Amino acid sequence: MSDALPFPPKPKAADYQKLAKDFQAAYKAGDAEAVRQWTDHVKANPRASKGALGDVRQFVAFRYGFASFAVLLKHVKALGDTRSIVSKF
């Protein structure tokens, strides 16, 4: 069973951009849950920095089961394209 987070109905790429920025802001503000999640992420991914946006985007991608933020965004865009086979699922 996967620990990946489910997609909401009709996800948009901008939602995930905002999610990364919001998480980064929460982490930098010292939000306890954000700090805990980031600490767990860094333990599993030591190359992650102190919360740079690129690393936070990678974290978001991992949470949704993707290897990179670019692949996550590509999948989200395909979900919204009625011509895409991905949108059929």
Side-chain angles (χ1 to χ4, degrees):
M1 182 172 190
S2 173
D3 290 333
L5 296 174
F7 282 109
K10 300 183 181 182
K12 294 182 176 74
D15 296 337
Y16 297 93
Q17 297 279 7
K18 183 177 181 330
L19 179 63
K21 289 179 181 178
D22 289 349
F23 182 86
Q24 182 187 40
Y27 169 74
K28 289 187 175 189
D31 177 82
E33 182 61 17
V35 170
R36 184 195 64 75
Q37 288 182 25
W38 185 253
T39 301
D40 290 347
H41 174 69
V42 171
K43 285 178 188 174
N45 303 281
R47 291 180 52 186
S49 74
K50 299 276 184 196
L53 187 56
D55 293 322
V56 174
R57 287 177 176 158
Q58 185 73 31
F59 167 75
V60 169
F62 287 169
R63 294 295 311 259
Y64 282 91
F66 291 87
S68 73
F69 197 70
V71 174
L72 168 66
L73 293 184
K74 183 177 178 182
H75 183 79
V76 167
K77 289 176 184 177
L79 286 171
D81 182 355
T82 57
R83 298 168 292 157
S84 167
I85 194 162
V86 174
S87 70
K88 308 296 184 227
F89 292 95

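Predicted, not measured: the structure shown is a model, and the values here were computed from it. The basis for the numbers below is simple: all heavy atoms, side chains too, and nothing from hydrogens, waters or symmetry mates.
- Among all heavy-atom pairs drawn from Asp55 and Ser49, the shortest one is OD2-OG, 2.5 Å.
- Partners of Thr39 by side-chain hydrogen bond (donor to acceptor under 3.5 Å, both in side chains), not counting sequence neighbours: none found.
- Across Ala13 and Lys77, no two heavy atoms sit closer than the pair CB-CE, 4.0 Å.
- Linking Ile, Leu, Val, Met, Phe, Trp and Tyr residues whenever their side-chain heavy atoms come within less than 4.5 Å leaves Tyr16 and Leu53 in two separate clusters.
- Phe23 pairs by the ring-ring contact (aromatic ring centres under 6.0 Å, His included) definition with Phe59, not counting sequence neighbours.
- Side chain of Asn45 to main chain of Ala48: no donor-acceptor pair is present (N/O by atom type, distance under 3.5 Å, no hydrogens or angles).
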Report the C-alpha separation of Gln17 and Phe69 in whole Å, then their side-chain angles, then the decisive distance to 0.1 Å, and conclude whether the side chain to side chain contact (heavy atoms under 4.5 Å, CB included) test is met. CA-CA 9 Å; Gln17 297 279 7; Phe69 197 70; 3.7 Å; yes
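- For the pair Tyr27 and Val56, the minimum side-chain heavy-atom distance is 4.5 Å or more.
- Taking the six-membered ring for Trp and the full ring otherwise, the centers of Tyr64 and His75 sit at least 6.0 Å from each other.
- With sequence neighbours excluded, the residues satisfying ring-ring contact (aromatic ring centres under 6.0 Å, His included) with Phe62 are His41.
- If you take CD on Gln58 and CZ on Arg63, they are separated by 13.5 Å, rounding to the nearest 0.5 Å.
- Of all the heavy atoms in Arg57 and Ala20, the pair that sits closest is CG-CB, 3.8 Å.
- Results of the side chain to side chain contact (heavy atoms under 4.5 Å, CB included) test with Trp38 over Val35, Asp40, Val42 single out Val42 as the only residue that passes.
- Remark: side-chain polar atoms of Gln24 are not paired, donor with acceptor, to backbone N or O of Leu19 under 3.5 angstrom.
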